[in-house]
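Structure, as structure tokens:
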2 protein chains.
Amino acid sequence: MVTLAEVAQHAGVSASTVSYVLSGKRTISAVTKQRVERSIQELGYHPNAGARALASSRSNIIALMMPLRTDMYVPVMMEIAIAVATHAREHGFDVLMLTGEEGPAAVQRVVGSGLADAIILMDVELDDARLPLLRASGRPAVLIGLPAEPGGLTCVDLDFAEAGALCATHLAGLGHRDIVVIGEAPAVYERKTGFAERTIEGLRGRAQELGLRVLHRPCEGSYAAVAGALGQVFTERPGVTGFVVQNEQALEPLLSLLRQDRRAIPEDISVVAVCPEQVALQGSIRLTSVTIPAREMARQAVERLVAKIAGESQGEVFLLEPELVARASSGPAPAGG
Amino acid sequence: MVTLAEVAQHAGVSASTVSYVLSGKRTISAVTKQRVERSIQELGYHPNAGARALASSRSNIIALMMPLRTDMYVPVMMEIAIAVATHAREHGFDVLMLTGEEGPAAVQRVVGSGLADAIILMDVELDDARLPLLRASGRPAVLIGLPAEPGGLTCVDLDFAEAGALCATHLAGLGHRDIVVIGEAPAVYERKTGFAERTIEGLRGRAQELGLRVLHRPCEGSYAAVAGALGQVFTERPGVTGFVVQNEQALEPLLSLLRQDRRAIPEDISVVAVCPEQVALQGSIRLTSVTIPAREMARQAVERLVAKIAGESQGEVFLLEPELVARASSGPAPAGG
DNA sequence: GTGAAAGCGCTAACAA
DNA sequence: TTGTTAGCGCTTTCAC
């Protein structure tokens, strides 16, 4: 293994000079710099991560804590994780992947040991057990999601209330009066992550202003569950003309069932989805949707975190402005109402 | 920050004793051990990861290199990643997530710096640029996937050839004579990851033995692409009665289109999928399938890697035996042929 | 069964 | 602009 000392010797300079060439924390003459860089090349030197972390008390690692449930919401999570890793690298950080299984203790472990300089928490619950530990640790942290009490922590999330409101506005603008929301699985609401609730609240508020009638149905993503929900919905609300769907898994079953039921989209029924753009585009019909900007959330989370590590930022809540893109799945409410 | 020295002082023992209590690498009297453990508790001590890595030249970190493409094959990748992290923790390792963007250089970086003790590579291509670097580094590594030249490297993968063969056997056993394979997107074949090719080869070989006629169609996962492929297929092979699908995305569109086409499953058409179990179970019909055992692959990869880190294992190829589970989507070939 | 002490490879004062 | 040096907190050999 090549060490900094060997590089120094090979280049005929002191160890600190090599270190400073690497870090750029002090001005080095062009010649010296070149000599050192050449030696680094020739010897194939890689700074030892452990030694560096010990001496500088910075590991240049960000911990990313994933959700507890593997099955849920998967594409978004994956997209966020990859984007976090990518942006972290741009700032010289690597990403340590923590799963939920270890529980809140994982926070203490990686932070207490100095393994990670900072943490990003995904899938934050309203009253998340990890938050007290995080606050106590004093380490920089960013939450992707919005707990009930952000108090001092930095949060990045989509403004789901506004997302819901946008759906209501869009459908109302097209003349719909009676709409149904197919929501996430009941388990999601039970876990109290908040985003699903915020969506429906925002939607309900706007619906009231606009005189829309709303029925909300949490629903599993399986074909059978969607079929069941749909059956009930059409019984309870025969006049429904608009669907808002916040449940990736339920989307294809829903479209498929409506088709079987000879209800044309968007002529008879309009559908608006809250989902990642990719999902809105890949199905049997291009869906009008409010995009969940996974990458942008990841980017912001990393930027905020890096700023905090550098001591340049305080706890704040950043809600991304949602955008509704009208595509082929929504249109004017049918005349007969 | 609490250090080992402080714990030692608090417990009235030497630093090395505390270290040995922690590592268990030498016998300690019960009393001493208890005293030390109490001090650790009381002071809230966490061993410093950097110092530990420096002194022991072991980081207790495994690097997991994800695929280059975010969009492809996502649920399986996510499942593997989570399972790798979980099993790694069981062996005291954390997992560093590397994305493909950094390219093969990432291998050198994490391994050269001692950041990671070992690497797991996902989404391995037949002629993967990372492999020479990996071999040169001499670090323990496990590939999930099977390159053209494993030479000395440990590989874990599903025996896709056998998976393909199982599909042929199953359909032949039900009396089908004319089958179509809906494969992965052309891009997957172009990338030469090999698994898709191995499947079709295994299937073709068995099909020949059993007198099956086979048409293979790579296909994008979009609804439109599947519709196009299906149209062609029924023109070229009007007598087809069996489909084998190795393309998660294409599954729902296919089922939906067959339904629209008034072809009943399994009465008119049998469908066998190669996919994760979850995918086979969640759709509109429970699919006969060969399971892609993501978790098992992850588990094996970690076990092999840990063995290699401990110096107990050499390079070997482990192909997991596939299993076909007959469910509702396959049945006897229709009588009329 | 326990302690003393020499590093591990690097960073960052302090000096020049 | 560069060099000298004292640690960073831990592991592990050597000694008892």
Side-chain angles (χ1 to χ4, degrees), chain A residues 1-37 39-40 43-61 92 94 109-117 309-310, chain B residues 1-37 39-40 43-61 92 109-117 309:
Chain A
M1 188 200 188
V2 186
T3 70
L4 182 145
E6 292 173 307
V7 174
Q9 189 167 22
H10 184 274
V13 300
S14 73
S16 62
T17 298
V18 177
S19 176
Y20 284 119
V21 167
L22 253 24
S23 69
K25 286 186 182 171
R26 112 174 159 184
T27 42
I28 304 280
S29 73
V31 258
T32 310
K33 194 171 169 185
Q34 290 223 335
R35 270 232 301 288
V36 171
E37 278 165 353
S39 298
I40 289 176
L43 301 179
Y45 169 70
H46 288 271
N48 181 281
R52 197 168 242 191
L54 177 57
S56 66
S57 41
R58 300 264 262 91
S59 66
N60 290 306
I61 289 176
D94 273 293
R109 190 173 59 80
V110 298
V111 142
S113 66
L115 219 195
D117 294 332
I309 293 172
Chain B
M1 188 199 191
V2 187
T3 70
L4 182 146
E6 294 173 308
V7 173
Q9 189 167 21
H10 184 272
V13 299
S14 74
S16 62
T17 298
V18 177
S19 177
Y20 283 118
V21 167
L22 252 25
S23 69
K25 286 185 182 172
R26 113 173 159 184
T27 42
I28 304 281
S29 73
V31 258
T32 310
K33 193 171 170 186
Q34 290 224 334
R35 269 232 301 288
V36 170
E37 278 165 352
S39 297
I40 289 176
L43 300 179
Y45 169 70
H46 287 271
N48 181 282
R52 200 167 240 192
L54 177 56
S56 67
S57 44
R58 297 263 261 96
S59 66
N60 289 307
I61 288 176
R109 191 173 58 80
V110 300
V111 142
S113 65
L115 218 197
D117 294 331
I309 293 172

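Chain naming here is simple, since letters A, B, ... match the order of the sequence lines and numbering starts at 1 in each. Because the structure is predicted, anything quoted here is derived from the model rather than measured.
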Any B:Ser56 side-chain N or O less than 4.0 Å from OP1/OP2 of D:dC10: no
B:Ile28 and B:Val36, any side-chain heavy atoms less than 4.5 Å apart: no
Rounded distance in Å - CZ (B:Arg52) to P (D:dC8): 18 Å
A:Glu6 CD to C:dC8 P, straight-line distance once rounded to whole Å: 11 Å
Of the listed nucleotides D:dC10, D:dC8, D:dT12, the one nearest the side chain of B:Lys25: D:dT12
Rounded distance (Å) that lies between atom P of D:dT1 and atom CD of A:Gln34: 15 Å
Value rounded to 0.5 Å, distance of CZ in A:Arg26 from OG1 in A:Thr17: 6.0 Å
Can you check nucleotides 2-6 of chain D for protein contacts, nitrogen or oxygen pairs under 3.5 Å, and list what you find?
residue: D:dT2; atom: OP1; partner: A:Ser29; partner atom: OG; Å: 2.7
residue: D:dT2; atom: OP1; partner: A:Thr32; partner atom: OG1; Å: 2.2
residue: D:dT2; atom: OP2; partner: A:Ser29; partner atom: N; Å: 2.8
residue: D:dT2; atom: OP2; partner: A:Ser29; partner atom: OG; Å: 3.4
residue: D:dT2; atom: OP2; partner: A:Thr32; partner atom: OG1; Å: 3.4
residue: D:dT2; atom: O4; partner: A:Arg26; partner atom: NH1; Å: 3.1
residue: D:dG3; atom: OP2; partner: A:Ser14; partner atom: N; Å: 3.0
residue: D:dG3; atom: OP2; partner: A:Ser14; partner atom: OG; Å: 3.2
residue: D:dG3; atom: OP2; partner: A:Thr17; partner atom: OG1; Å: 2.6
residue: D:dG3; atom: N7; partner: A:Ser16; partner atom: OG; Å: 3.2
residue: D:dG3; atom: N7; partner: A:Arg26; partner atom: NH2; Å: 2.8
residue: D:dG3; atom: O6; partner: A:Arg26; partner atom: NH1; Å: 2.7
residue: D:dG3; atom: O6; partner: A:Arg26; partner atom: NH2; Å: 3.2
residue: D:dT4; atom: O4; partner: A:Ser16; partner atom: OG; Å: 3.0

Heavy-atom side-chain proximity of B:Ile309 to B:Arg58 below 4.5 angstrom: yes
Between P of C:dA4 and CD of B:Gln9, the distance in whole Å: 12 Å
Integer-rounded Å distance: C:dG9 P and B:Arg58 CZ: 16 Å
Spacing of A:Gln9 atom CD and A:Leu4 atom CG [to the nearest 0.5 Å]: 12.0 Å
Contact check, side chains of A:Tyr45 and A:Leu22, non-hydrogen atoms, under 4.5 Å: yes
Length of the CG-P vector between B:Leu54 and D:dG7, whole Å: 17 Å
A:Ile61 side chain near B:Leu115 side chain, heavy-atom distance below 4.5 Å: yes
Side chain proximity check, B:Ser57 to A:Met1, heavy atoms < 4.5 angstrom: no
Between C:dC10 (P) and A:Asn60 (CG): distance, integer Å: 14 Å
Separation of D:dG9 P from B:Leu4 CG (nearest whole Å): 11 Å
Closest nucleotide among C:dT11, D:dC10, C:dG9 to the A:Met1 side chain: C:dG9
